[in-house]
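As structure tokens, the structure follows; a few thoughts come after it.
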Protein chains: 2
Amino acid sequence: MARPRTFDEERALDAAMRAFWANGYEATSTQDLCEATGLGRSSIYNTFTSKHDLFRRALARYIDVMSVPQAEILEDAERPGLERIRALFARIVDTEFDYREDDERSIGCLTVNTVVELARRDPEAAALVERDLDFRLGLLRVALEAGRRDGTVTTGRDPDTLARFINATIGGMRVSAQAGAGRAVLESIADTALDALRP
Amino acid sequence: MARPRTFDEERALDAAMRAFWANGYEATSTQDLCEATGLGRSSIYNTFTSKHDLFRRALARYIDVMSVPQAEILEDAERPGLERIRALFARIVDTEFDYREDDERSIGCLTVNTVVELARRDPEAAALVERDLDFRLGLLRVALEAGRRDGTVTTGRDPDTLARFINATIGGMRVSAQAGAGRAVLESIADTALDALRP
DNA sequence: GAAGTATTGGATAGGCCAGTACAAAATATG
DNA sequence: CATATTTTGTACTGGCCTATCCAATACTTC
């Protein structure tokens with residue numbers, strides 16, 4: 001019925017996500033977004049209405065994309081509970097090194113970056129992140145409860161507290177990675193955190 | 001010999017620090033800095049040369065101000081090693097609640113915020129933060145080694161690894177606070193982390 | 001092939017950005 | 001009190017920012 005798009009909306013969204021992820025919301029201009037996606041301004045505004053809306057969608061996509069494999073790991077009934085947490089840590093470390101610009105520093109995690117840069121003044125972003133937090137805490141509790149049942153998690157602390165702790169550890173690893181920590185350091189942080197699950 | 005200043009440079013720097021801390025570097029305009037400090041543009045540029053330079057000084061001041069009490073805690077020979085770490089955690093929690101805007105969300109830690117927002121593209125800021133990281137890791141090692149000697153830290157992991165872990169935990173607590181965690185949650189994260197020191 | 005419709009590129013708008021220019025004001029020194 | 005010197009307020013600059021406008025384009029349907 002009319003002229004069709006010459007670009008793939010999801011690819012564009014991915015490119016925008018990468019730009020926000022690597023540079024932050026404020027430091028990414030609409031011009032940057034045009035260059036990152038390869039689209040013109042018109043196409044961007046026609047498709048995504050505003051920079052803020054594009055960010056919202058990019059963040060939502062990031063959360064969706066990242067949570068699938070994490071859920072798979074944490075709900076993997078084949079593995080003991082503690083091993084699921086260990087595998088999650090390993091995945092976190094891998095992503096910190098897989099997704100990188102030319103730079104030697106990690107670009108971190110868009111969710112963490114958003115919490116730090118935007119959560120206080122952007123209620124929509126805060127809501128997305130909070131929803132994701134609840135979801136991930138739930139997944140962690142599942143794995144921790146499994147660990148308690150199968151004897152790999154022996155601490156007396158309740159799964160809720162432990163889930164918060166594991167989640168905080170992941171945040172700390174991501175900040176450490178952005179501060180320049182290498183693979184060995186991240187792995188040792190993860191290993192040490194696991195000690196708290198079987199004291 | 002000439003007209004004297006009508007403002008206190010340190011007070012102005014403090015106000016600017018608070019502004020950057022609460023809102024981030026990019027989202028804080030020079031206009032915001034004028035309002036926060038109560039100074040006119042001329043006074044700001046006359047005293048601090050540029051927004052970036054003002055930020056650099058604000059960050060340096062933040063690091064200085066924060067590290068003094070933390071060093072005191074971690075080097076306090078009266079306390080066993082583990083208790084020093086515990087006291088440090090308690091202080092982190094307190095600061096997350098002491099320094100707050102009207103908001104119900106924490107403004108976090110300027111160092112962490114800087115790592116996340118700026119470290120990748122601002123080498124000066126990155127250098128300040130890295131220097132501070134080395135300093136704090138050193139303090140943590142001191143306390144952890146003391147803990148090993150006095151028997152309160154019983155884990156077999158080496159102090160360097162443990163220092164990284166404790167530091168990451170603090171980062172994770174700060175991100176959690178910015179994501180909306182309350183006092184009880186932060187305290188439980190800290191308590192759980194301590195479990196890793198005496199497995 | 002004509003009509004209708006959505007996309008696209010380029011120009012543009014209005015505002016805010018960091019930073020500067022300059023003159024008026026204020027004070028220490030002589 | 002005069003002079004030298006610094007601070008301060010105001011106005012301004014050039015540029016980049018997000019967002020819009022509009023005409024040209026390209027495609028689908030009839």
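Residue numbers start from 1 in every chain, and the chains themselves are labelled A, B, ... in the order their sequence lines are given, proteins ahead of strands.
For the helix from C/dG1-D/dC30 to C/dG30-D/dC1, the angle separating the two terminal helix axes comes to 10°, with each axis derived from five pairs and the value rounded to 10°.
Contacts with DNA chain C (heavy atom under 4.0 Å) in residues 119-128 of chain B: none are found. Near DNA chain D, meaning a heavy atom under 4.0 Å away, there are no residues from residues 15-23 of chain B.
A 4.5 Å side-chain heavy-atom check between A/T111 and A/I63 finds at least one atom pair inside the cut-off.
Residues satisfying the side-chain hydrogen bond (donor to acceptor under 3.5 Å, both in side chains) test with B/E130, not counting sequence neighbours, are none. Contacts of A/T154 classified as side-chain hydrogen bond (donor to acceptor under 3.5 Å, both in side chains), with partners at least two apart in sequence or in another chain: none. Qualifying side-chain hydrogen bond (donor to acceptor under 3.5 Å, both in side chains) partners for A/S43, counting only residues two or more places apart in sequence or in other chains: none. Applying the side-chain hydrogen bond (donor to acceptor under 3.5 Å, both in side chains) rule to A/E26 yields the partners A/R121; only residues at least two apart in sequence or on another chain are considered.
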With a cut-off of 3.5 Å and sequence neighbours excluded, list every side-chain donor-acceptor pair involving residues 165-177 of chain A.
unit_1	atom_1	unit_2	atom_2	d
A/N167	OD1	A/R136	NH1	2.7
A/T169	OG1	A/F165	O	2.9
A/R174	NE	A/E96	OE2	2.8
A/R174	NH2	A/T95	OG1	3.1
A/S176	OG	A/G172	O	2.8

Show me the side-chain donor-acceptor pairs of residues 184-199 of chain A shorter than 3.5 Å, one per line, residues at least two apart or across chains.
unit_1	atom_1	unit_2	atom_2	d
A/S188	OG	A/V185	O	2.9
A/T192	OG1	A/S188	O	2.7
A/D195	OD1	A/R198	NH2	3.3
A/D195	OD1	B/R157	NH2	3.1
A/D195	OD2	B/R157	NE	2.5
A/D195	OD2	B/R157	NH2	3.4

Below 3.5 Å, can you tabulate the donor-acceptor pairs from side chains in residues 86-94 of chain A to any protein atom, sequence neighbours excluded?
unit_1	atom_1	unit_2	atom_2	d
A/R86	NE	A/E83	OE1	3.0
A/R86	NH2	A/E83	OE2	3.4
A/D94	OD1	A/R183	NH2	2.3

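B/S50 and B/D53 share no side-chain donor-acceptor pair at under 3.5 Å.
In terms of heavy atoms, A/P159 sits closest to A/E145 at CG-CG, 3.7 Å.
Separating the CZ atom of B/F48 from the P atom of C/dA18 is a distance of 16 Å, rounded to the nearest angstrom. Atoms CZ (B/F55) and C1' (C/dA18) sit 16 Å apart, rounded to a whole Å. Atoms OH (B/Y45) and P (C/dA18) sit 6 Å apart, rounded to a whole Å. Straight-line distance from the CG atom of A/D32 to the C1' atom of D/dT18: 13 Å, rounded to whole Å. As a whole-Å value, the separation of A/I44 CD1 from D/dT20 C1' is 15 Å. Distance B/Y25 OH to C/dC17 C1': 11 Å, rounded to the nearest Å.
Residue A/T28 is in sugar-phosphate contact alone, with no base atom involved, counting any heavy-atom pair closer than 4.0 Å across all strands shown.
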Nucleotide-resolved protein contact map, nucleotides 6-16 of chain C, B/S/- at heavy-atom distance under 4.0 Å: BBBBBB-----

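Counting only residues at least two apart or on different chains, the ring pair (Phe, Tyr, Trp, His ring centres under 6.0 Å) pairs with a member in residues 25-61 of chain A are A/F20-A/Y25, A/F20-A/F55, A/Y25-A/F55.
Annotation for B/R131: atom CZ does not count as buried by contact number, only 12 or fewer foreign heavy atoms lying within 6.0 Å.
Listed for the A/R41 side chain is no donor-acceptor partner under 3.5 Å among the backbone atoms of A/C34.
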